Every structure is written in C-alpha cells, then in structure tokens.
Undergrad: 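Sharing a structure here in structure tokens format.
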Amino acid sequence: NQTMKRLKLSISLLALALLAGCTNSTNVQTPTQESISEVKKETYLLVHAAWLGAWEWGSVAENLREKGHAVIAPDLPGHGKDKTSPADITMDDYVSTLLDIIDKQEESVILVGHSFNGITVSRVAELRPDKVKKLVFLTAFLLPNGSSFMSAVQGVKGSTAVDNFYLSEDKTFAMVKEDEIQNSFAHDIPKEAFDQAKPNIVPEPTAPLMYELEITDDNFGRIPKYYIECTLDRAIPIEIQRAMYKDKVKKVYSIESSHTPNFSKPTELANILEEIGEENS
C-alpha cells in the first residue's frame with residue numbers, strides 16, 4: 001500500500017544519507033564531464049546542525065553532485081567521525097575547521113549553515129568575506145553581533161527542543177531529552193528511519209553554544225544572504241525564524257517540513273540550494 005511505499009522510501013533516503021555521509025565526507029567530489037549540464041558549477045560547503053554530522057547531508061549532497069556541483073560536507077570537531085571530547089572543543093575549533101577548507105578552494109564557496117551552525121558560518125564569513133560567494137541559513141540562527149545561542153533561546157516559547165534541552169552534570173555538553181529528540185527535529189520521517197540515524201546523534205559541546213558572535217557590516221554585512229525557512233519546525237518555531245531573518249536577507253525560500261528537510265525533503269532542499277547558486281548576487 002501507499003503507506004508502506006512511503007515508509008520504505010523514507011528509510012531508503014535516510015540510509016543513503018548515512019552511507020554518503022560516512023564516506024569521503026570532507027572531500028570535494030569532482031563530477032564527470034557527462035554529468036555537467038549548462039548550469040555553472042558551484043562549490044557548496046554544507047555545515048551540519050548541532051548534535052548531527054556530515055551524514056545529515058548525504059542525499060542532498062548526492063543530488064547536487066549529480067547536477068555537476070562540487071560539495072564539501074565536513075564533520076565539525078566532536079561530530080561524525082571526529083571523536084574529539086566535547087570538553088576540549090570551542091567555537092574557534094569549529095571556525096578553524098571551516099577556514100582550513102575554504103582556504104584550500106580556488107573559487108569562492110556557497111556556505112550553508114544548518115540550525116545552530118548559522119552562528120558558526122556567520123563568523124567564518126566575517127573572516128573570509130572574499131571567499132564566501134553567498135551565505136545560506138537553513139532554519140538557522142541568524143544573529144546580530146554580540147549574540148550567542150544561549151542568549152538567543154532565553155525565553156523562547158513553543159520550541160520542543162528548547163523545552164527539553166539540558167546540560168550534562170559537568171556542563172561540558174548539551175543534549176535534548178532522548179524521548180523528545182525525534183519530536184523536536186524530525187517528526188516528519190518514520191520512527192523506523194529515525195531509529196536508524198539515532199546512534200549517530202552526539203553530545204553537543206557547551207562552549208560553542210556560549211560563544212558571542214563577532215561580525216561587522218564591512219565583512220559579514222556585504223555577503224548576499226538567503227534563508228530557507230521550515231514551516232513545521234518544532235526546534236526553531238517559524239515565528240522565531242522569521243524574526244531572525246526579517247530585513248537581513250536577499251531572499252527567503254520556504255519548505256513545509258520539520259527542522260531536518262535533509263531527511264524528509266532532500267530533493268526539494270537540493271533544488272533550492274541550486275536555485276540560490278543561480279541567483280544573481
């Protein structure tokens with residue numbers, strides 16, 4: 001029946017995401033000549049959300065590569081294949097990881113930040129404004145200078161993730177209560193599919209969450225910005241997303257999904273990212 005078909009499709013997509021994310025996640029995969037259409041090839045640097053890893057981009061990255069684009073999806077320290085202890089990780093470690101990648105690219109990149117790491121990509125763009133062609137926020141924190149994740153979520157209402165957020169006893173990492181993780185981030189995929197991904201969810205280091213963003217109009221301010229809102233998001237409610245991007249971005253795209261369209265609507269997300277690449281800055 002149709003329900004079983006959708007279930008199998010969702011599970012297959014998530015399995016593909018996991019597989020793609022676990023292989024060559026930090027490498028640029030150069031497309032073959034046959035796969036390159038008339039669309040100008042872009043380089044996308046995809047930065048995962050808190051608690052996740054490069055694996056979240058598997059299906060999206062594959063879609064973009066099939067269209068002839070180059071994609072880099074790294075694991076930030078303490079995520080995915082990187083086993084650095086959360087207690088040893090700061091925002092500088094996240095930023096340095098991305099700067100090392102950007103500095104190796106001949107061309108400027110389209111830098112995409114998901115969720116919390118909207119803060120991280122904002123700092124990276126500030127430090128390398130000439131190497132970031134466009135900045136994309138996927139239901140992400142788009143904050144003003146001096147703000148932090150911790151300050152931004154103070155008093156937020158209607159977020160299942162915030163309501164169930166807690167710090168470890170030694171304050172070195174943060175988590176969301178286990179029985180509310182799917183409800184917070186991926187309520188629109190089958191539980192069976194989510195359970196396959198669940199072992200890849202890791203503690204999020206506390207120090208980066210406390211980092212106060214440092215950006216300027218001269219650098220960060222001159223980079224064209226785009227926002228992809230997720231209207232069914234239970235982690236960053238749509239009203240919060242819209243308040244963050246109001247009057248700050250060139251264009252807004254909308255997906256009817258949870259906080260992770262990477263899993264539930266990867267093709268739609270990839271198509272939007274490609275469209276942003278084609279936009280005149």
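Computed from a prediction, not measured in an experiment: that's the story for all the values here.
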Undergrad: Give a yes or no on whether the backbone of E126 and the side-chain of N219 come within a donor-acceptor separation of less than 3.5 Å.
TA: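 Yes; at least one donor-acceptor contact below 3.5 Å.
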Undergrad: Could you check if a side-chain atom of V136 sits within less than 4.5 angstrom of a side-chain atom of L111, using non-hydrogen atoms only?
TA: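 Not in contact.
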Undergrad: How far does CD of Q241 sit from CD1 of I236, to the nearest 0.5 angstrom?
TA: 6.0 Å
Undergrad: Determine, step by step, whether D82 and T84 satisfy the side-chain hydrogen bond (donor to acceptor under 3.5 Å, both in side chains) criterion, reporting the C-alpha distance in whole Å, the side-chain angles of both residues, the deciding distance to 0.1 Å, and the verdict.
TA: CA-CA 6 Å; D82 187 296; T84 307; 2.6 Å; yes
Undergrad: According to the interplanar angle, ranging from 0 to 90°, do the rings of F116 and F149 count as parallel (below 30°), tilted (30 to 60°) or perpendicular (above 60°)?
TA: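 F116 and F149: perpendicular rings.
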Undergrad: State whether the side chain of E42 and the backbone N or O of E274 hold a donor-acceptor pair below 3.5 Å, judged by distance alone.
TA: no
Undergrad: May I ask you to test the I272-Y226 pair for a side-chain heavy-atom distance under 4.5 Å?
TA: no
Undergrad: Okay, side chain of K134, backbone of G277: is any donor-acceptor separation there less than 3.5 Å?
TA: yes
Undergrad: Would you call D103 and R128 a salt bridge, using N to O less than 4.0 angstrom?
TA: yes
Undergrad: Using 0.5 Å steps for rounding, measure from the OG1 atom of T260 to the CG atom of L138.
TA: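 Here the rounded value is 9.0 Å.
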Undergrad: Judged by atom type as modelled, is there a donor-acceptor pair below 3.5 Å linking the side chain of D75 to the main-chain atoms of K81?
TA: yes
Undergrad: Okay, side chain of N117, backbone of G113: is any donor-acceptor separation there less than 3.5 Å?
TA: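 Checking the backbone N and O of G113 against the side chain of N117, no donor-acceptor pair under 3.5 Å is found.
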Undergrad: Please round to the nearest 0.5 Å and tell me the distance separating atom OG of S159 and atom CG of N164.
TA: 8.5 Å
Undergrad: Honestly curious: do L99 and I101 fall in one hydrophobic cluster under the side-chain, below-4.5 Å linking rule?
TA: yes
Undergrad: Would you sort out whether N280 and K250 count as a side-chain hydrogen bond (donor to acceptor under 3.5 Å, both in side chains), showing the intermediate values?
TA: CA-CA 10 Å; N280 292 323; K250 182 175 180 182; over 6 Å; no
Undergrad: Look only at the side chain of Q182 and the backbone of I189, and say whether a donor-acceptor pair between them is shorter than 3.5 Å.
TA: yes
Undergrad: I'd like to know if E279 and K251 make a salt bridge, using a cut-off of under 4.0 Å between side-chain N and carboxylate O.
TA: yes
Undergrad: What heavy-atom pair brings E229 and S254 nearest, and what distance separates the two atoms?
TA: OE2-OG, 2.9 Å
Undergrad: Working to the nearest 0.5 angstrom, can you tell me the gap between N262 CG and C230 SG?
TA: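 One gets 8.0 Å once the value is rounded to the nearest 0.5 Å.
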Undergrad: Going by heavy atoms in the side chains, are F165 and L209 under 4.5 Å from each other?
TA: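 Answer yes - side chains close enough.
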Undergrad: Evaluate side-chain contact (heavy atoms from CB on, under 4.5 Å) for H187 paired with T160, printing each intermediate quantity in order.
TA: CA-CA 11 Å; H187 63 83; T160 306; over 6 Å; no
Undergrad: Can you find a heavy atom in the side chain of E62 that is under 4.5 Å from one in the side chain of P266?
TA: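 A side-chain contact is absent here, since even the closest heavy-atom pair is not under 4.5 Å.
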Undergrad: Picking from E56, E204, H79, what satisfies side chain to side chain contact (heavy atoms under 4.5 Å, CB included) with W51?
TA: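 So, applying the side chain to side chain contact (heavy atoms under 4.5 Å, CB included) to W51 and each of E56, E204, H79, only E204 qualifies.
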Undergrad: Do P74 and L98 have side chains that approach each other closer than 4.5 Å (heavy atoms only, starting at C-beta)?
TA: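 They are in contact (side-chain heavy atoms under 4.5 Å apart), so the answer is yes.
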Undergrad: Verify the cluster assignment for I89 and M210: are they in a single hydrophobic cluster under the rule of side-chain heavy atoms below 4.5 Å apart?
TA: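 Looking at the clustering, M210 is in the same group as I89.
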Undergrad: Would you give the length of the straight line joining atom CG of D163 to atom NZ of K177, rounded to the nearest 0.5 angstrom?
TA: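 Separation between the atoms: 9.0 Å.
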Undergrad: Between R123 (side chain only) and E214 (backbone N and O only), is there a donor and an acceptor less than 3.5 Å apart?
TA: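 It does hold such a pair.
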Undergrad: Tell me whether Y227 contacts the main-chain N or O of A140 through its side chain, where contact means a donor paired with an acceptor under 3.5 Å.
TA: yes
Undergrad: Heavy atoms only: give me the nearest S184-H259 pair and the separation to one decimal.
TA: O-CB, 4.3 Å
Undergrad: Taking all heavy atoms of L273 and all of I228, pick out the closest pair and write down the distance.
TA: CD2-CD1, 3.9 Å
Undergrad: Below 4.0 angstrom, N of the basic side chain to O of the carboxylate: do E107 and K133 qualify?
TA: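 No, E107 and K133 are not salt-bridged.
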Undergrad: Quick one: does NZ or CZ of K225 land under 6.0 Å from the six-membered ring centre of F220, within 45 degrees of the ring axis?
TA: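 Yes, K225 and F220 form such a contact.
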Undergrad: Atom CZ in F141, atom CD1 in I240: separation rounded to 0.5 Å?
TA: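 One finds 9.0 Å between CZ of F141 and CD1 of I240.
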Undergrad: For D130 and R222, what are the C-alpha separation, side-chain angles and deciding distance, and is it a salt bridge (Lys or Arg N to Asp or Glu O under 4.0 Å)?
TA: CA-CA 10 Å; D130 294 328; R222 63 182 162 96; 3.2 Å; yes
Undergrad: Is a donor on one side and an acceptor on the other found under 3.5 Å between the side chain of S258 and the backbone of F185?
TA: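 Side chain of S258 to backbone of F185: a pair is present.
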Undergrad: Look at atom CE of M150 and say whether more than 12 heavy atoms of other residues, nucleotides or ligands are closer to it than 6.0 Å.
TA: yes
Undergrad: State, to 0.1 Å, how close L213 and L143 come at their nearest heavy-atom pair, and which atoms those are.
TA: CD2-O, 3.5 Å
Undergrad: Could you go through the side-chain hydrogen bond (donor to acceptor under 3.5 Å, both in side chains) check for S168 and D170 one step at a time?
TA: CA-CA 5 Å; S168 61; D170 63 2; 2.7 Å; yes
Undergrad: Just wondering, do M91 and I119 contact through their side chains at under 4.5 Å, heavy atoms?
TA: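 Counting from C-beta outward, I119 and M91 do come under 4.5 Å.
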Undergrad: Which pair of non-hydrogen atoms, one from F137 and one from V121, has the smallest distance, and what is that distance?
TA: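 Scanning both residues, the minimum pair turns out to be CE2-CG2, 4.3 Å.
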Undergrad: Check whether any side-chain N or O of E256 sits under 3.5 Å from a backbone N or O of T231 as a donor-acceptor pair, and report yes or no.
TA: no
